[in-house]
Each structure stands twice: as C-alpha cells, then as structure tokens.
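Computed from a predicted structure; not experimentally measured.
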Amino acid sequence: MPQFDLPLEKLRTFSAALTAPEDFDSFWDNTIAEAREFPLKANFTPVENMLSVIDSFDATFAGFDGAPIKGWLHLPANRTTGQKLPVVVQYIGYSGGRGLVQQDTSWAQAGYAHFIMDSRGQGYGGLLGDTPDPHPSAGEVAHPGLMTRGISSREDYYYRRLYVDAFRAIEAAQSHEEVDESTVILTGVSQGGGLAIAAAGLAAGRLDGVVALMPDVPFLQDFPRSIDVAVRGPYPEIAAFLKRHRTDYEPFLEVLNYFDGVHFAARTSVPALYSCAGQDDVCPPTTVFGSYNGYGSSAAQPPAKEMAYYRFNNHEGGQEHHWLRQLHYVADLLAG
C-alpha cells in the first residue's frame, strides 16, 4: 500500500499530544504492590521438545490477582554448568499465545536464556495459548476481541491485568537458578512490543535487572491517534464499539491514558532499539515515533536509543532483517 502517514523527516520530530494522569505513577505503584501480595510461585518443569540443542521448561507463575500464567523457558543445551545466562523475555502479538514448545527457541539458539510469556485470554489466533483470563470483567459487554474488555474502569481494563503479568514475567525469569537476574532484555512484536515497553516502564524504580528494550513495530502507543488513524488490526475494535456507544469516547480515553505506552516509554531509562514500518496501517508510524521520540524523557539520565525504519514494509516490519539487527544489538550491548 502507499505511504499513508507522515514522511520520515516529520516522523523524526513528531510528538504525541498526551499528558499522563496526575496519579499515573501512584496508580501503578498500588497495582504492582497488590500484585506482589501474591507469592510468585514460579515453577519450571522440564519438557521434551525433540530439539537436541535446546532444553525447554514449562513455566508457570502468579500474575495479576495471583492467577497462574504460563510460559516457556528455553536454555541452550551446551550451557556451562554453574554459569548464569542473560535472559531475553519475549511477549507475544495480539491474539497469540506462547505457541508449541519447539515453535520459537531463537534466543536460546543464540546462547541466551529465552523466556516467552503466554498472554491470558489469547492464543485464539496466531500462536496457541494456554492461559485463561478468569477476571469477572472478561464477561462484560464488549466488542469481539480484547480492546474494550473492562474498558469502563481503569481497575478492570484488560491491559491492567496483562501489564501486571508482563511485569511479573520478568520476576519469574529472574527467579530461575540459571538466569542472570541482573541482565534482562525485553522484546516483542506488535502487542509484544507494547508489553515490553509497559514492562520496562513498570520496572523503572520498582525492579532491578532490566538492561535493554527492543520493541518491534509496537502496539498500544498513543491511543487517541491510533484509534483515529489505524486502518486494520485491534485499534478499530474500539472505534467499532464507539459506533454504538457514542457517548463513551471521552471516558474511554481517560481510562486508556493509564495504559498508553507513550507514558511508560517516557519513564524508562535503559537503552532501546525500536523498529517502525513506514506503511504500517495497524500500528501507524506516528504512534511508534511518538513513543520513541519521548522515550526516556522523564528519566534522570536520557538513555541511548535507536530506531530501525523499514520504509516499504507494513506491519510485518523488518522480520528476519530486524532479527539480525537485534542479535548484533544485544551482542554489542553485553560486550560493553
């Protein structure tokens, strides 16, 4: 498709027209404190994956409200006994789950610990999922999908639960005896990228060990503009719901403002490698650059950041080319 958003020279200076709620930080402080009242109960059970070079573990940990969240932990089979590995925590795109055990072991193949978090209530499209969403608001009136689930309340909104799960996934990965808890890299594509940004923002000042962030064509950034501009994907679920609920736009935006990745990005202080696709009509370029341009703006020391821009790609982004760039990025980062 032709380019539909701003050209690159304007994207580089685009600023999201958003102000965080005054109680944004206290809301999330309280949310994380409530989550930590439940024991983490991280458990890793070895499973057969039929891969001679990877050891895999079926992971379970306590997420929001103590609900059990599934995941995979993959480790290189040739790892040195007693040596702790840097860990890449990966989050999954919208509608997908953790997949089959051997479906993605990429970071373990590169020599790192690789923790993949399942997304509660997802796994019905894309990759297979194994984690239900037991929260009462999951049964409320909503547009098909997840974007309007519980949206009438910041306490009940679906992404409050998923963001907490993402934060606790870091703690779960760190708890494994073969993981270096001081060297955690967060990544994901689309929704996974948005979750990585949220988890990094939540970790800032609340959890040590996160050293880098790699959000790939991230979703959940700049909700107001995304609802207006996105042509495909999850954002139009909100617009479709508002066609019937015509007086709910402003109240919805007030709730969504507590979950906007732009605010989490501003609070993050670790190095970051973003990616953006110039013809992305699912996560429009302005929404990605709005997050990137404000990245680390609230941090005491502005972090290093890079943007990989794929001018002619849609939401598939850089794919294998970007994976190669990420490999180099992590290797260079850890080499110091």
- Message: Run Val89 and Val184 through side chain to side chain contact (heavy atoms under 4.5 Å, CB included) and show every step you take.
- Response: CA-CA 7 Å; Val89 177; Val184 181; 3.9 Å; yes
- Got a sec, which residues hit ring pair (Phe, Tyr, Trp, His ring centres under 6.0 Å) with His176, two or more places apart in sequence or on another chain?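 For His176 the ring pair (Phe, Tyr, Trp, His ring centres under 6.0 Å) partners, ignoring immediate neighbours, are Phe44, Phe57.
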Quick one: closest heavy-atom pair of [X] and [Y], and the distance?
| X | Y | result |
| --- | --- | --- |
| Ser297 | Gly294 | OG-O, 2.8 Å |
| His114 | Trp107 | ND1-N, 3.4 Å |
| Leu127 | Gln103 | CD2-NE2, 3.0 Å |
| Pro76 | Ala108 | CB-O, 3.6 Å |
| Asp118 | Leu128 | OD1-O, 4.2 Å |
| Phe219 | Pro234 | CZ-CB, 3.4 Å |

Please name all residues satisfying salt bridge (Lys or Arg N to Asp or Glu O under 4.0 Å) with [X], sequence neighbours left out, ordered by chain then number.
| X | value |
| --- | --- |
| Arg161 | Asp133 |
| Lys70 | Asp58 |
| Arg311 | none |

- Query: Taking everything shown except Asp208 itself, do over 12 heavy atoms lie less than 6.0 Å from its CG?
  - Reply: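 Count not over threshold, so no.
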- Message: With a sphere of 6.0 Å drawn around CD of Glu320, does it hold more than 12 non-hydrogen atoms of other residues, nucleotides or ligands?
- Response: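 Enclosed: over 12 neighbouring heavy atoms sit under 6.0 Å from CD of Glu320.
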Transitive ILVMFWY side-chain link [X] to [Y], under 4.5 Å:
| X | Y | result |
| --- | --- | --- |
| Leu220 | Ile170 | yes |
| Leu186 | Leu40 | yes |
| Phe61 | Ile92 | no |
| Val189 | Met117 | no |

- Message: Quick check: do Tyr309 and Tyr274 have side-chain heavy atoms less than 4.5 Å from each other?
- Response: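 Contact flag for Tyr309/Tyr274 side chains = no.
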- Message: Quick one, Val288 and Val217 - any side-chain contact, counting heavy atoms below 4.5 Å?
- Response: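 The answer is no, as the side chains (C-beta and beyond) never meet within the 4.5 Å cut-off.
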Salt-bridged, [X] to [Y], with N to O below 4.0 Å?
| X | Y | result |
| --- | --- | --- |
| Arg206 | Asp29 | yes |
| Glu181 | Lys84 | no |
| Lys10 | Asp5 | no |
| Arg79 | Glu178 | yes |
| Arg267 | Asp25 | yes |

[X]: partners by side chain to side chain contact (heavy atoms under 4.5 Å, CB included), with sequence neighbours left out:
| X | value |
| --- | --- |
| Ser15 | none |
| Ala35 | Val164, Arg168 |
| Ser152 | Glu140 |
| Val270 | Val210, Leu213, Thr268, Tyr295 |

- Flag, side chain of Asn314 to backbone of Glu316, donor-acceptor distance under 3.5 Å: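 A pair under 3.5 Å: no.
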[X] [atom1] to [Y] [atom2] distance, which is reported to the nearest 0.5 Å:
| X | Y | atom1 | atom2 | value |
| --- | --- | --- | --- | --- |
| Asn49 | Asp55 | CG | CG | 7.0 Å |
| Tyr157 | Leu146 | OH | CG | 8.5 Å |
| Thr287 | Asp228 | OG1 | CG | 12.0 Å |
| Trp28 | Arg160 | CH2 | CZ | 7.0 Å |
| Ile69 | Leu162 | CD1 | CG | 8.0 Å |
| Thr187 | Ile197 | OG1 | CD1 | 10.0 Å |

For [X] and [Y], test the side chains for any donor-to-acceptor distance below 3.5 angstrom and give the result as yes or no.
| X | Y | answer |
| --- | --- | --- |
| Ser56 | His74 | yes |
| Asp156 | Ser137 | no |
| Ser190 | His315 | yes |

- Message: Please evaluate residues Phe115 and Val88 with respect to the criterion side chain to side chain contact (heavy atoms under 4.5 Å, CB included), reporting the C-alpha separation (whole Å), side-chain torsions for both, the decisive distance (0.1 Å), and the verdict.
- Response: CA-CA 6 Å; Phe115 187 94; Val88 177; over 6 Å; no
- side chain to side chain donor-acceptor pair (under 3.5 Å) involving Ser298 - partner list, sequence neighbours excluded: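 With sequence neighbours excluded, Ser298 shows a side chain to side chain donor-acceptor pair (under 3.5 Å) to no residue whatsoever.
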- Task: Would you mind listing every side-chain hydrogen bond (donor to acceptor under 3.5 Å, both in side chains) that reaches into residues 211-222, with sequence neighbours excluded?
- Result: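 Qualifying pairs: Asp216-Ser275, Gln221-Ser291.
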- All pairs passing side-chain hydrogen bond (donor to acceptor under 3.5 Å, both in side chains) where residues 237-250 contributes a residue, at least two apart: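 For residues 237-250, and leaving out neighbouring residues, the side-chain hydrogen bond (donor to acceptor under 3.5 Å, both in side chains) pairs sorted by first residue read Tyr94-Glu237.
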- Message: Does Gln174 form a side chain to side chain contact (heavy atoms under 4.5 Å, CB included) with Leu207? I'd like the steps, not just the answer.
- Response: CA-CA 11 Å; Gln174 288 176 316; Leu207 179 65; 3.6 Å; yes
- Item | Identified side-chain contact (heavy atoms from CB on, under 4.5 Å) counterpart of Leu75 within the set Leu85, Val87, Ile54 |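 When side-chain contact (heavy atoms from CB on, under 4.5 Å) is applied between Leu75 and each of Leu85, Val87, Ile54, only Leu85 qualifies.
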Could you tabulate the donor-acceptor pairs under 3.5 Å formed by side-chain atoms of residues 252-259, not counting sequence neighbours?
{"residue": "Asn257", "atom": "OD1", "partner": "His263", "partner atom": "NE2", "Å": "2.6"}
{"residue": "Asn257", "atom": "ND2", "partner": "Thr19", "partner atom": "O", "Å": "2.9"}
{"residue": "Tyr258", "atom": "OH", "partner": "Asp23", "partner atom": "OD1", "Å": "2.6"}
{"residue": "Tyr258", "atom": "OH", "partner": "Asp23", "partner atom": "OD2", "Å": "3.4"}
{"residue": "Tyr258", "atom": "OH", "partner": "Arg154", "partner atom": "NH1", "Å": "3.0"}

- Task: Might you work through the side chain to side chain contact (heavy atoms under 4.5 Å, CB included) test for Tyr163 and Thr31, ending with a clear yes or no?
- Result: CA-CA 10 Å; Tyr163 285 3; Thr31 295; over 6 Å; no
- Item | Check against side-chain hydrogen bond (donor to acceptor under 3.5 Å, both in side chains), Gln90 and Asp104 | CA-CA 10 Å; Gln90 178 182 344; Asp104 183 1; 3.2 Å; yes
